[in-house]
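Below, chains carry the letters A, B, ... as their sequence lines are ordered, and counting in each starts from 1.
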Amino acid sequence: MTKHLPVLFEKALGIAVEKAKGVGNVFGDEILLVRDLRGRIRVVLPGRYENFSEKQRAELVKFSQQLAESLGAYGFQPDRAVLYADDLIQGDEILVSSDRQLMAFEGGLKIWLLDRQIIGQDWMRAPLQQETKNPRVTFYGIKGGVGRSTALVIWAWQLARQGKKILIMDLDLESPGVSSTLLPSEYLPDYGIVDWFVEDGVGQAEAVESVMISASPLARDLPGEIRIVPAFGRDTGDYLPKLARCYAESGGAANMSWAERLQRMVQDMERQEEPDVVILDSRAGLHDIAAVTVTRMNADAFLFAVDSMQTWNAYAFLFRHWQKHPQVREFRQKLQIVAGMVPETGRDQYLKRFRENSWDLFREHLYDEAGAQTEDVFSFDLDSMEAPHYPLPVYWHRALQEFDPLQDDSGIDEQIMVAAMGKFMTEAETMVFTREENP
Amino acid sequence: MPVDYRDAAERHWADAEYLLADSRMANADHLFGLSAECALKAVMLALGMTLRPDGRPTNPQHSLHINNLWNEFISFANARNGAHYALPLSSIANPFTNWDVSQRYDHRTGVTPAVAATHQQGAQIAKRILDNAVLNGDIQ
């Protein structure tokens with residue numbers, strides 16, 4: 001026997017799809033592949049084994065054998081390679097689950113994938129129904145250190161100067177940052193977001209929900225208000241054991257996705273505060289929990305980036321995944337790229353290159369094919385200023401590097417702020433506040 | 001025959017449903033309890049429970065029937081990265097407190113439809129946990 005190279009993760013799914021195509025419509029017009037937590041793949045067929053005919057059973061033997069042989073470590077022994085929906089309590093749910101992704105459709109046969117992942121498939125699900133009326137904005141960065149939090153603080157300050165009430169939620173639970181810039185420890189409320197999730201887990205979120213918001217002293221002398229829901233509060237105590245329990249997919253006795261729990265938390269806070277705008281400070285990275293704030297919270301999403309291959313490659317991973325998102329047509333309209341920390345010298349050159357790379361990214365993954373003549377085609381030219389790929393710039397400024405407005409008595413220097421973020425703020429306000437009026 | 005908790009859970013479940021559909025409450029009820037026990041033990045095995053050569057759990061603490069195993073499973077799974085399997089059990093009170101393996105010696109009128117329905121629900125929760133472990137690949 002010839003020695004084969006081992007099958008690696010990225011090849012396994014393609015192999016399984018090909019084998020499934022080979023089976024054709026023998027078992028009906030749909031085949032569901034389930035990829036488990038380790039990446040191993042098996043098949044779930046409708047009904048039960050006993051219902052299949054002699055001929056179908058013979059095909060089953062062949063099919064299971066093929067899967068076992070071709071998938072290597074990513075397959076199962078033939079007698080474990082196929083599951084039957086009627087043998088599973090949730091079999092019927094699985095067969096029609098909205099978490100399925102269509103992998104192939106040919107000759108009347110649909111091949112689906114259900115990807116079992118540790119923390120579910122939250123970001124692939126439909127946007128949640130927002131019951132409150134205020135606009136929401138997510139600040140998202142695929143990498144840290146791109147000026148996301150600083151931009152957030154300055155924009156909030158600017159909005160408070162206009163008399164607006166801003167509610168900021170620090171969802172960067174793994175490395176909480178915004179709260180410490182805006183809330184010195186003596187201003188912290190008793191509890192924070194991690195406490196809400198832990199208490200909600202045993203069905204008593206109401207025990208903390210009225211004591212987890214504080215006013216930032218940054219807006220002390222301003223007509224508006226900056227209200228903060230920090231990641232933790234004064235009485236949170238040991239943070240890590242709570243953090244580890246935050247992401248459970250259940251609230252009280254009910255099974256509930258993390259995004260649904262987040263939505264409940266955010267809405268609780270919105271009802272208490274009635275803010276003009278809510279800013280969600282998302283965590284950086286490709287993590288499910290960060291992506292939820294972009295795809296499911298009905299928020300305008302500012303995607304922070306710097307012009308580096310690392311950044312574009314990371315966004316490409318994310319966008320490639322979003323292509324398969326059933327609701328991509330809705331949430332892609334709410335995306336806006338932000339060029340963070342634009343260097344002081346050669347700005348125009350830098351932004352031109354940024355724009356080109358950003359355009360490539362969007363064109364390749366999220367824009368519709370150009371040339372289509374229909375009205376609602378989602379596609380933009382390189383220089384189209386209203387396009388999501390056209391960057392809102394935040395200029396690098398030395399004074400913002402050691403930015404700590406509460407330590408510095410003068411607060412925020414207006415000239416520096418306008419120089420660094422004037423354009424961003426004007427555009428962001430138009431985006432967020434006019435869209436609200438014309439939904 | 002070697003121990004196969006998963007298969008045992010599945011056949012006890014299927015047979016219990018079959019008997020229940022024919023209103024044979026007492027034996028249906030008995031099998032719901034055994035099905036739940038086997039389902040949870042299958043998951044415990046995947047989470048690291050060991051067996052002696054004769055097929056019984058090494059730790060006598062795990063050689064329990066469902067009326068006692070329900071709560072034992074919660075602490076076992078929580079201690080072994082199986083909190084997501086324990087959660088559905090810890091969300092409700094043990095539905096099997098009034099189930100006993102010795103009810104096989106009892107008169108059939110001892111099991112009312114309401115009692116059987118409670119145990120059916122409990123067995124369904126246990127089976128769902130087993131199914132999830134299979135779909136997750138923790139159980140082959």
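Note: Gln140(B) leads Lys127(B), Glu10(B), Gln140(B) in heavy-atom pairs under 4.5 Å with chain A. Contact tally against chain B (heavy-atom pairs below 4.5 Å) for Gln77(A), Arg35(A), Arg80(A): the top residue is Arg80(A).
A donor-acceptor pair is defined here as one N or O able to donate and one able to accept, closer than 3.5 Å; such a pair exists between the side chain of Asn78(B) and the backbone of Ile74(B). Checking side-chain atoms of Arg104(B) against main-chain N and O of Val101(B) turns up a donor-acceptor pair under 3.5 Å.
Using a 30° and 60° split on the angle between ring planes, Phe96(B) and His119(B) fall in the parallel class, below 30°. The aromatic rings of Tyr49(A) and Tyr84(A) lie perpendicular to each other, with more than 60° between the two planes, well past the 30° mark.
For chain A, no part of Arg11(B) is nearby; none of its heavy atoms comes within less than 4.5 Å. There is no contact between Ile129(B) and chain A, counting heavy-atom distances below 4.5 Å.
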